[in-house]
Amino acid sequence: MKNDVNHAAFLKGLAAHRLIASIKDPRHIEIALSLRGQLSGIFLLTGHIGVVKGYVDVFKEHQLPVFLHLEKMGGLSTDNYGLDYLAKVIKPTGIISTKTNVVKTAKKMGLITIQRFFLVDSEGLDNIAKSLCQSEPDIIEVMPARIPDMIGKVKAFTSLPIITGGLLYEQSQAEECLRYGATAISTSKPELWRGAGPSSDKSKDRQVI
């Protein structure tokens, strides 16, 4: 059974802060910890079976919900045995996956589940609707964030919280997604975790998340 207390607490945090730090580089962990009062959680997109529990423990010690993107984790199987180990030993708040069967299994093991979808064409909306009927995740993540009007189209057929990220490099773009109905924004750019505008380093302004 899903941990309803963790789930409710995470949703409360999303409503309060609406910003999630996606960690792709371990060097950004300290930055995220220093800004924990501005974040509702962590999406961990780096690490492997040998280090990931340490990362998870650090974030949990600082009261930051942490979600593992399973397709980005080295050495961690997503079969029943691997997910059972994840739930009982590593103990993240939840998982992120693009795979319907993984989401279904992780949810049965009490983890909060976020299913990530990529909208590349109009058929993507139909694929989201079909997948949601099968996997029943707790939250969905829609990418990329640079098509904010599509958030409303997704909201038309689901009441689930919608997180969006991808291709963001300015604060105004994140704010636009929130205006279109996103519950929260996920970004790997620390300057956006701080609520700042684009990086002053023009060579990095177009770095995508």
Side-chain angles (χ1 to χ4, degrees), residues 2-4 6-24 38-45 65-72 78 92-108 111-189 192-193 195 208-209:
K2 179 181 65 185
N3 189 325
D4 291 328
N6 280 349
H7 185 245
F10 180 60
L11 292 181
K12 183 177 180 180
L14 281 181
H17 300 295
R18 309 187 77 182
L19 185 61
I20 296 166
S22 293
I23 306 289
K24 294 181 177 181
Q38 299 168 230
L39 302 172
S40 54
I42 300 294
F43 286 178
L44 194 59
L45 283 72
V66 55
F67 294 78
L68 304 187
H69 192 315
L70 297 186
E71 282 89 73
K72 305 290 186 178
T78 55
T93 308
I95 62 97
I96 307 162
S97 180
T98 60
K99 299 177 180 178
T100 296
N101 63 320
V102 172
V103 171
K104 289 176 65 175
T105 303
K107 188 169 183 177
K108 291 177 182 176
L111 295 165
I112 300 174
T113 55
I114 300 175
Q115 189 160 1
R116 175 178 279 191
F117 296 98
F118 295 93
L119 278 173
V120 296
D121 53 34
S122 58
E123 292 181 3
L125 287 173
D126 292 334
N127 292 335
I128 292 176
K130 292 175 183 176
S131 293
L132 292 182
C133 291
Q134 299 174 32
S135 58
E136 299 182 336
D138 298 301
I139 299 165
I140 61 175
E141 185 180 25
V142 176
M143 303 184 78
R146 294 301 305 280
I147 45 174
D149 56 309
M150 297 301 288
I151 295 170
K153 296 184 184 298
V154 176
K155 285 175 69 71
F157 58 78
T158 181
S159 60
L160 293 174
I162 299 173
I163 297 169
T164 190
L167 300 178
L168 293 174
Y169 54 89
E170 294 181 4
Q171 182 71 17
S172 61
Q173 294 163 348
E175 292 170 353
E176 184 179 20
C177 293
L178 296 175
R179 287 197 301 270
Y180 272 88
T183 303
I185 302 299
S186 63
T187 174
S188 63
K189 291 182 72 64
L192 295 185
W193 304 345
V208 300
I209 67 173

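Side chains included, hydrogens not; waters and symmetry mates left out as well; all remaining heavy atoms used. In this text the structure is predicted, and so the values were computed from the model without any measurement.
Rounding to the nearest 0.5 Å places CG of Leu19 at 10.5 Å from CD1 of Ile163. If you take CD on Glu176 and CG on Asp149, they are separated by 8.5 Å, rounding to the nearest 0.5 Å. One finds the CD1 atom of Ile114 at 12.5 Å from the CD1 atom of Ile162 (value rounded to the nearest 0.5 Å). Taken to the nearest 0.5 Å, the CG atom of Leu39 stands 11.5 Å off from the OG atom of Ser186. With values rounded to the nearest 0.5 angstrom, Thr164 atom OG1 is found 9.5 Å from Ile140 atom CD1. Atom CG of Leu14 and atom CD1 of Ile185 lie 11.0 Å apart (nearest 0.5 Å).
Between Phe67 and Ile20, every side-chain heavy-atom pair lies at or beyond the 4.5 Å cut-off. Using a 4.5 Å cut-off on side-chain heavy atoms (C-beta onward), Asp138 and Phe10 make no contact. Inter-residue side-chain proximity for Arg146 and Tyr169 is flagged as met; some heavy-atom pair is nearer than 4.5 Å. Using a 4.5 Å heavy-atom cutoff, the side chains of Ile128 and Leu119 are in contact. Counting heavy atoms from C-beta outward, Ser188 and Leu45 have side chains that stay 4.5 Å or more apart. A heavy-atom distance below 4.5 Å is found between the side chains of Lys99 and Glu71. Two residues are said to be in side-chain contact when any heavy atoms from C-beta on lie closer than 4.5 Å; Phe117 and Leu132 meet this criterion.
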Checklist line | Stepwise side chain to side chain contact (heavy atoms under 4.5 Å, CB included) check, Met150 with Leu125 | finding: CA-CA 9 Å; Met150 297 301 288; Leu125 287 173; 3.5 Å; yes

Note to self: Assess the residue pair His69 and Arg116 against the criterion (side chain to side chain contact (heavy atoms under 4.5 Å, CB included)); give the C-alpha distance rounded to whole Å, side-chain angles, the decisive distance to 0.1 Å, and a yes or no.
What the structure shows: CA-CA 9 Å; His69 192 315; Arg116 175 178 279 191; 3.4 Å; yes

Notebook entry, point to check: So Gln134 and Thr100, side chain to side chain donor-acceptor pair (under 3.5 Å) or not? Walk me through it.
Noted result: CA-CA 7 Å; Gln134 299 174 32; Thr100 296; 5.0 Å; no

Notebook entry, point to check: Which is it for Leu44 and Ile23 under the side chain to side chain contact (heavy atoms under 4.5 Å, CB included) test, yes or no, and what are the steps along the way?
Noted result: CA-CA 5 Å; Leu44 194 59; Ile23 306 289; 3.9 Å; yes

Margin query: Could you go through Arg18 and Ser40, starting from their C-alpha distance and side-chain angles, then the distance that decides it, and tell me whether this counts as side chain to side chain contact (heavy atoms under 4.5 Å, CB included)?
Written below: CA-CA 6 Å; Arg18 309 187 77 182; Ser40 54; over 6 Å; no

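In this structure, the side chain of Trp193 does not engage the main chain of Gln38 through any donor-acceptor pair within 3.5 Å. Listed for the Asp126 side chain is no donor-acceptor partner under 3.5 Å among the backbone atoms of Ala129.
Across all non-hydrogen atoms, the minimal contact from Leu160 to Thr158 is N-OG1, 3.1 Å. Pro137 approaches Val103 most closely through the heavy-atom pair CB-CG1, 3.8 Å. Taking each heavy atom of Leu68 and Pro92 in turn, the nearest pair found is CG-CB, 3.9 Å. Here the closest heavy-atom approach between residue Cys177 and residue Ala145 is recorded as SG-O, 3.1 Å. A pairwise comparison of heavy atoms in Thr98 and Gln115 identifies O-NE2, 3.7 Å as the closest pair. For the pair Leu168 and Lys189, the tightest heavy-atom approach, listed with the atom from each and the gap, is O-CD, 3.4 Å.
Under the side-chain hydrogen bond (donor to acceptor under 3.5 Å, both in side chains) criterion, Thr183 pairs with no residue at all, not counting sequence neighbours. Taking the side-chain hydrogen bond (donor to acceptor under 3.5 Å, both in side chains) definition, one finds that Ser22 meets it with nothing, sequence neighbours left out. Residues satisfying the side-chain hydrogen bond (donor to acceptor under 3.5 Å, both in side chains) test with Glu175, not counting sequence neighbours, are none. Not counting sequence neighbours, Thr93 has no partner by the side-chain hydrogen bond (donor to acceptor under 3.5 Å, both in side chains) test. For Lys130, there are no side-chain contact (heavy atoms from CB on, under 4.5 Å) partners at least two apart in sequence or on another chain.
Residue pairs that meet the salt bridge (charged side-chain N to carboxylate O under 4.0 Å, His left out) test with at least one member in residues 154-164, sequence neighbours left out, do not exist here.
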